[in-house]
Amino acid sequence: MRIVVVGGGIVGCSCAYYLAERGADVTVCERSTIGAGSTERSAGGIRAQFSTPVNVALSRASMRVWERFEDEFGTDIAYRRPGYLFLARNEATAEGFADTVAMQNGQEVPSELLTPAEASEHCPGLRTEPFHAATYSPTDGFADPHLALQGFATRAREMGVDIRTGVEVTDVLLNDGAVFGVETTDGEIDADFVVNAAGPWAKRVADMAKIDLPVVPERRQIAVVEPETPVPESVPLTIDLDTGSYFRPEREGATLVGGHFDSVSRAEPDAYDRTTDLDWTVEAVERASETATYFGPESRIKRGWAGLYAVTPDHHPIIEETSPGFINAVGFSGHGFQHAPATGNLVTELVFDGEASLVDISGLDSERFEDGRTVSERNVA
Ligand SMILES: Cc1cc2nc3c(=O)[nH]c(=O)nc-3n(C[C@H](O)[C@H](O)[C@H](O)COP(=O)(O)OP(=O)(O)OC[C@H]3O[C@@H](n4cnc5c(N)ncnc54)[C@H](O)[C@@H]3O)c2cc1C
């Protein structure tokens with residue numbers, strides 16, 4: 001089975017690894033360098049506290065891989081699990097928490113519903129007054145996206161995957177609608193399957209296969225801050241769900257602060273500003289200071305960066321064989337790093353078994369947007 005994977009981010013490299021493990025002859029075409037897209041601009045969050053069953057299932061399947069990643073891939077990915085703490089400022093948001101936790105518990109996620117006072121046991125600097133309720137899960141956490149990507153890419157190469165950097169796929173070759181290869185800046189490559197793992201460029205690559213996908217690149221920013229009062233490393237990623245503002249401790253006194261506060265953020269993936277806006281940074285730190293006491297006026301902004309989410313209308317990915325031989329693994333919004341292990345396995349099942357079984361992805365097809373079968377994820381930043 002000859003397979004061309006378009007894109008050398010975490011999704012493409014995970015697909016390549018699992019496909020090679022089942023015996024496929026895999027070529028990854030990466031127009032730039034490995035990880036040059038969204039992957040190395042990710043915050044590395046890995047959590048099971050999602051609000052839809054399919055996202056929880058993708059997390060559960062992926063977390064099983066993250067947990068034994070060092071044993072399987074021989075790479076320490078700095079995986080640590082201080083948990084995630086979701087906070088509800090609005091009563092309506094708080095009312096939804098009980099059902100979400102019950103759904104998560106039904107999939108063996110050890111999340112729990114907390115009062116703001118109980119939440120402050122996990123985040124001692126939490127301002128409890130603005131919030132009505134919280135949810136917390138101790139198995140949520142983070143890993144280093146760069147190390148994880150190198151882990152997948154290195155093992156994929158060892159299994160014979162040909163990872164070609166500086167090679168752009170310029171067209172998908174079709175015969176009566178069925179894939180038979182790709183055209184690249186380095187010549188044609190024959191293929192029985194082409195996997196679109198092009199992240200924010202996914203719509204362009206799908207267009208080459210005459211498929212119209214609603215995947216839009218949106219810019220998101222992160223600031224690295226030295227808070228006036230250091231945030232203990234045991235503090236979970238703490239997110240005010242109603243404003244989208246979040247922070248989480250990094251190492252050596254630094255804290256990542258993020259959130260998305262503008263309604264419009266569409267970006268052009270080849271030409272967007274990769275640095276943070278000063279106005280946004282000030283607002284992000286101010287909002288964090290409304291959540292917790294760490295961010296006093298002496299807080300210092302150290303650096304920051306911007307990257308792209310590849311967003312679908314319902315914040316869920318598209319994972320399907322959309323036309324014969326053309327598989328889309330795209331539109332992961334802010335969750336593509338953590339869901340990459342499950343996605344690589346699912347794409348491998350689609351290629352070898354003709355259907356996916358690891359997770360029920362029947363709702364992650366591309367036709368749902370026309371049929372109105374979308375399910376919105378509420379737990380997003
Ligand atoms: C600020 C920020 C924070 C985030 N935080 C998190 C988080 O905490 N947890 C989480 O799970 N996710 C997070 N994400 C999302 C995550 O980064 C992405 O979902 C994930 O990296 C997507 O991986 P990918 O492999 O699909 O795409 P990418 O990493 O973008 O890889 C796609 C690759 O395709 C290549 N490419 C494109 N077109 C072509 C072509 N025609 N030919 C050849 N190559 C091509 C690109 O060069 C690129 O390297 C965050 C994203 C941002 C921006």
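Worth saying up front: this structure is predicted, and the values here are computed from it rather than measured. Note that ligands are numbered from 1 as they come in the structure, with each ligand's atoms numbered from 1 the same way.
Between Gln221 and ligand 1, no N or O atom pair is found at a separation short of 3.5 Å. Between Thr39 and ligand 1, at least one N/O pair is under 3.5 Å apart. Considering backbone and side-chain N/O atoms, Glu30 comes within less than 3.5 Å of an N/O atom of ligand 1. At a 3.5 angstrom cut-off on N or O pairs, Met208 does not count as close to ligand 1. For ligand 1, the polar-atom distance check finds an N/O of Gly336 within less than 3.5 Å of one of the ligand's N/O atoms. At least one N or O atom of Ser38 sits closer than 3.5 Å to an N or O atom of ligand 1. When only interatomic distances are considered, the shortest N/O to N/O separation between Gly45 and ligand 1 falls below 3.5 Å. Any N or O atom pair closer than 3.5 Å counts here, and Gly334 shares at least one such pair with ligand 1.
Under the side-chain contact (heavy atoms from CB on, under 4.5 Å) criterion, Asp365 pairs with Glu320, Glu367, Arg368, Arg373, not counting sequence neighbours.
With salt bridges taken as basic N to acidic carboxylate O contacts below 4.0 Å, one links Arg155 and Glu158. Salt bridge annotation for Lys203-Glu268: absent, with no cationic side-chain nitrogen under 4.0 angstrom from a carboxylate oxygen. Salt bridge status for Asp140 with Arg248: absent, with no side-chain N to carboxylate O gap under 4.0 Å.
Relative to the ring axis of Phe50, Arg47 places its NZ or CZ within 45° and under 6.0 Å from the centre.
For the residue pair Tyr136 / Glu121, no side-chain donor-acceptor distance below 3.5 Å is found, with atom types taken as modelled. Counted by atom type alone, Ser362 and Asp360 present one or more donor-acceptor pairs between their side chains at under 3.5 Å.
At a heavy-atom distance under 4.0 Å, only side-chain atoms of Trp201, from C-beta outward, approach ligand 1. Only the backbone of Ala197 comes within 4.0 Å of ligand 1, judged by heavy-atom distances. Counting heavy atoms closer than 4.0 Å to ligand 1, residue Leu308 contributes backbone atoms (N, CA, C, O) but none from C-beta onward. Of the heavy atoms in Arg41, only backbone atoms (N, CA, C, O) come closer than 4.0 Å to ligand 1.
The shortest distance between side-chain heavy atoms of Phe261 and Ser245 falls below 4.5 Å. Between Val351 and Asp192, the closest side-chain pair of non-hydrogen atoms is not below 4.5 Å.
Taking a cut-off of under 4.0 Å to the non-hydrogen atoms of Gly44, the atoms of ligand 1 that pass are 7 (C), 8 (O). Residue His335 approaches ligand 1 through these ligand atoms, each under 4.0 Å from one of its heavy atoms: 10 (C), 11 (O), 12 (N). Residue-ligand proximity, Gln338 to ligand 1, at heavy-atom distances under 4.0 Å covers atoms 9 (N), 10 (C), 11 (O). Each of the atoms 1 (C), 3 (C) of ligand 1 lies under 4.0 Å from some heavy atom of Ile222. Close approach of ligand 1 to Pro200 is summarised as follows: ligand atoms under 4.0 Å from at least one heavy atom of the residue are 30 (O). Atoms of ligand 1 found under 4.0 Å from any heavy atom of Val11, numbered from 1 in the order shown, are 23 (O), 24 (P), 25 (O), 26 (O). If you number the atoms of ligand 1 from 1 as listed, the ones under 4.0 Å from a heavy atom of Ala198 come out as 32 (C), 34 (O), 37 (C), 38 (N). Of all the atoms in ligand 1, the ones that sit under 4.0 Å from a non-hydrogen atom of Gly307 are 53 (C).
Judged purely by atom type and a 3.5 angstrom limit, Ser14 has no side-chain atom pairing as donor or acceptor with the backbone of Val11.
With Asn196, Val4, Val6, Ile34 as candidates, the residue nearest to atom 40 (C) of ligand 1 on a non-hydrogen basis is Val6.
Closest non-hydrogen pair, Pro236 versus Thr238, comes out as O-OG1, 3.0 Å. Considering all non-hydrogen atoms of both residues, Arg219 and Thr275 come closest at NH2-O, 2.9 Å.
For atom 42 (N) of ligand 1, the closest heavy atom belonging to the protein is Val169 N, 2.9 Å. Annotation: atom 39 (C) of ligand 1 to nearest protein heavy atom, Arg31 CD, 3.4 Å. Ranking the protein heavy atoms by distance from atom 52 (C) of ligand 1 puts Tyr309 CE1, 3.5 Å first.
Annotation: salt bridge (Lys or Arg N to Asp or Glu O under 4.0 Å) contacts involving residues 78-94, sequence neighbours excluded, comprise Glu67-Arg81, Arg89-Asp240.
At least one heavy atom of Val167 sits less than 4.0 Å from an atom of ligand 1. Residue contacts with ligand 1 include Ser333, since one or more of its heavy atoms lies under 4.0 Å from the ligand.
The aromatic rings of Phe295 and Phe247 sit perpendicular, their planes meeting at an angle over 60°, well past the 30° parallel limit.
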